[in-house]
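What follows is a single structure, written as structure tokens, with notes after it.
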Amino acid sequence: MQYFQVAVNGILLGGLYALMALGMSLIWGVMDIINIAHGVFIMLGAYTTYWMFALLGIDPFISIVASIILMFCLGFIAQKFLINLVIRADIFITLLLAFGIEIFLMNLVRVLWKSDFRRVTVSYAGDNLQLAGVTIPVVRLAAFAVVIILTIILYIILEKTKLGMAIRATSQNLEAARLMGINVAVTYAMTFGIGVALAGAAGTLWSIIFPITPIMGGPLTLKSFVVTIIGGLGTMVGPVIGGLFLGVVEAFGSSWFGSTYQNFISFLMLVLVLIFMPHGLLGWRKK
Amino acid sequence: MRRILVLTMFAVAAMTLVTIGASAPVAAEDVIKFGCAISLSGKLQRSGNLYKKAYDMTVDEINKTGGVTVGGKTYKMEIQYYDDESDATKSTRLFEKLVTVDRVNFLLGPYSSGITQAVSSIAEKYEIPMIEGGGASATIFSQGYKYIFGNLPVADEYFSPTLELLKKLNPEHKKLGLAYADDKFDLDVATGLRRMAGEQGFELVVDEKYESGATDFSSIMTKMKAAAPHAILVAGHEEESINFIHQAKEQDVNANMLCLTVGVTEPDFRKSLGEDAEAIFGVASWDKNMDFKGYVFSDNQTFVKLYQERYNEDPDYHVAAGVALVGVFKKAIETANTLDPKKVRDVIADISLDTIYGKVQYKPNGQIKGGTSTLQIQSGDIFQVYPNEDAKPIYPMPKWSER
């Protein structure tokens with residue numbers, strides 16, 4: 001029964017990893033930018049939720065909408081007026097710019113709101129369900145449900161809308177897309193906006209489960225990175241599978257070897273995947 | 001025209017600088033300067049800020065009631081603070097700055113064993129006494145340093161009264177579950193607990209280390225649930241303690257006793273957890289209901305009342321340790337009758353002073369003589385349940401589902 005519990009814990013946390021990685025993978029796949037600032041956008045999403053909860057008493061599962069919209073705007077603007085300037089430059093330059101954005105935003109938040117830990121304590125925070133001997137925390141389950149809903153929405157946007165077709169076309173062949181009359185600049189900005197909005201949503205969910213701080217972003221960027229690589233680039237299923245996989249492996253790993261080894265396990269997975277399946281778990285699809 | 005403007009601006013700037021430079025030394029007359037870099041932000045800020053409150057309040061009280069008398073002359077106390085952002089490297093640099101640039105006379109200690117150990121080398125290097133109330137790891141006091149004194153009881157016996165209490169409550173309850181942070185103090189606590197458990201016939205059914213600052217305790221919770229210890233003992237920091245309780249409730253992990261090294265005594269802990277804090281046990285070296293005569297403050301009750309009035313919260317043992325150490329400095333300086341750091345250091349080493357924190361005496365290695373007691377939160381207030389003949393501990397703790 002303990003194994004079921006560990007698996008459930010892993011899957012629930014893995015869902016959150018998946019959502020974090022979806023945004024990063026989208027930006028990476030379409031624009032070929034490794035967004036080092038991804039974790040900082042997650043942090044900003046978390047703080048949006050925190051302030052709306054602390055000042056206005058808005059439930060995080062409602063304020064997630066605000067978090068998504070706000071982060072979308074921020075992402076759109078950041079791409080249009082900043083990242084677009086270097087979009088055709090060497091990968092090193094875009095990396096550097098994203099890194100700069102990360103440092104700037106993180107320190108801005110530190111100055112504005114101090115480095116204290118903060119917590120969104122909803123009234124139902126400690127509630128849980130008992131299911132065949134397995135304990136499921138209500139908040140984590142709800143967060144997982146939100147991840148599923150957002151993934152479906154993203155799928156619909158990418159597969160069924162004009163914008164989605166434009167995004168996919170741009171990612172497949174830039175020149176052809178341009179010849180077909182797609183406004184690449186706008187498409188890029190929309191893509192970045194959506195990616196950052198997903199980060200914001202992940203931040204909201206993170207803030208309900210864990211305490212938040214301005215420096216939380218770095219480790220989350222790494223986590224998203226690992227999940228993106230493990231899942232494989234260029235598909236939507238990749239990050240989802242990668243996230244759940246990492247969540248479960250971490251859960252079993254820290255249950256067997258001790259929780260100080262959680263990060264060790266993540267990166268061990270990364271290295272193993274890079275050696276044996278360099279295109280990610282779903283890499284065969286690309287071939 | 002433009003040139004004149006630039007010149008004027010330059011002159012104004014220069015004058016401002018001169019004025020600032022000139023005013024500083026004037027204020028420094030007849031003042032004993034104390035230096036302190038402490039965690040006012042970052043992961044340790046909750047406990048860090050408590051020391052600042054303690055230091056400020058005691059210094060204000062001393063200055064109000066006549067200051068410190070040395071060689072017939074009265075000095076005021078003054079503290080120069082820096083924020084170490086909960087970072088040991090930064091703290092070491094700031095303490096070095098306090099000694100070499102700010103030229104403070106004495107040093108007030110930081111918070112957490114790790115940071116204290118790091119900065120103790122600065123006190124030793126410049127031979128300036130530091131008394132601290134925030135580091136209890138044995139490693140701080142096993143370096144052979146002569147200029148560091150600590151007010152917290154030794155880490156590896158921290159859980160000793162908790163085990164005593166457990167034996168008294170139910171001698172059959174022998175299964176312990178331990179979770180501890182991967183840092184100096186908590187490693188010491190864990191080593192000590194293992195030794196005591198072995199000697200006293202307890203069985204450690206869970207013995208899990210977690211990364212300092214960890215947020216997710218799911219895997220530990222699963223193990224605790226499976227092994228079902230009678231008592232869960234957690235050695236960590238306040239933020240982790242709060243998280244731990246949250247997730248214990250989330251995962252419905254129950255034990256007869258849940259005892260924390262840090263958290264229970266801190267008002268923030270109870271505020272943050274609300275009802276969930278009820279019946280949680282904790283370990284501390286001091287409690288606000290204890291009956292001690294004081295030094296700067298006339299007795300413990302008077303101090304507690306003044307603290308409540310000033311900060312609108314209850315003091316905890318961090319605060320009491322901080323208040324006591326400022327008192328020790330005053331007493332030692334007056335007894336030595338000089339500001340010479342070496343002479344003051346020698347007086348501190350031999351001091352025997354009644355403070356609101358109890359009697360302060362140091363062992364030859366610089367650590368305070370004395371031990372801890374076990375407390376419990378009952379109806380939102382803290383009570384000492386061991387050692388205490390009249391106490392009525394709530395045992396077993398109510399299950400989360402029955403609260």
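Sequence lines set the chain letters: A, B, ... in the order given, protein chains first and strands last, and positions in each chain run from 1.
Between the OH atom of A:Tyr261 and the NZ atom of B:Lys209 there is a distance of 6.5 Å, given to the nearest 0.5 Å. Between the CD1 atom in B:Ile242 and the CZ atom in A:Arg119 there is a gap of 6.5 Å [rounded to 0.5 Å]. Residue A:Thr213 holds its OG1 atom at 9.5 Å from CD of B:Glu239, rounded to the nearest 0.5 Å. We find the CG-OG distance between A:Asp127 and B:Ser401 to be 11.5 Å, quoted to the nearest 0.5 Å. With values rounded to the nearest 0.5 angstrom, A:Trp206 atom CH2 is found 5.5 Å from B:Thr215 atom OG1. Note that CD1 of A:Ile215 and CD of B:Glu85 are 9.5 Å apart. Values are rounded to the nearest 0.5 Å.
Salt-bridge formation is not detected for the pair A:Lys114/B:Asp83: no Lys NZ or Arg NE/NH1/NH2 atom is positioned less than 4.0 Å from an Asp or Glu carboxylate oxygen.
Taking all atoms of both residues into account, the shortest heavy-atom contact from B:Glu211 to A:Thr260 is N-CG2, 3.6 Å. Summarising the geometry of A:Ser254 relative to B:Glu208, their closest heavy-atom pair is O-OE1, 4.4 Å, with the distance given to 0.1 Å.
Residue A:Phe104 qualifies as open at atom CZ: its count of foreign heavy atoms under 6.0 Å is 12 or below. Annotation: A:Gln130, atom CD; neighbour count of heavy atoms from other residues, nucleotides and ligands within 6.0 Å is above 12.
Interface remark: B:Asp252 contributes backbone and side-chain atoms alike to the contact with chain A (heavy atom separation under 4.5 Å). If you measure heavy-atom distances from B:Asp216 to chain A, the contacts under 4.5 Å come from both the backbone and the side chain. Residue A:Glu250: no heavy atom, backbone or side chain, is found under 4.5 Å from chain B.
Looking at A:Asn9 and B:Ser219, their side chains never bring a donor and an acceptor atom within 3.5 Å of each other. Side-chain polar atoms of B:Gln251 and A:Asn128 form no donor-acceptor pair below 3.5 angstrom.
With a 4.5 Å cut-off on side-chain heavy atoms, A:Gln262 and B:Tyr210 do not count as touching. Residues A:Leu13 and B:Ser218 fail the side-chain proximity criterion, which asks for heavy atoms closer than 4.5 Å. When side chains are defined from C-beta on, B:Lys223 does not count as touching A:Gln5, because their heavy atoms never get closer than 4.5 Å.
Between chain A and the residues B:Asp182, B:Val253, B:Asn243, B:Ile245, the largest count of heavy-atom pairs under 4.5 Å involves B:Asn243.
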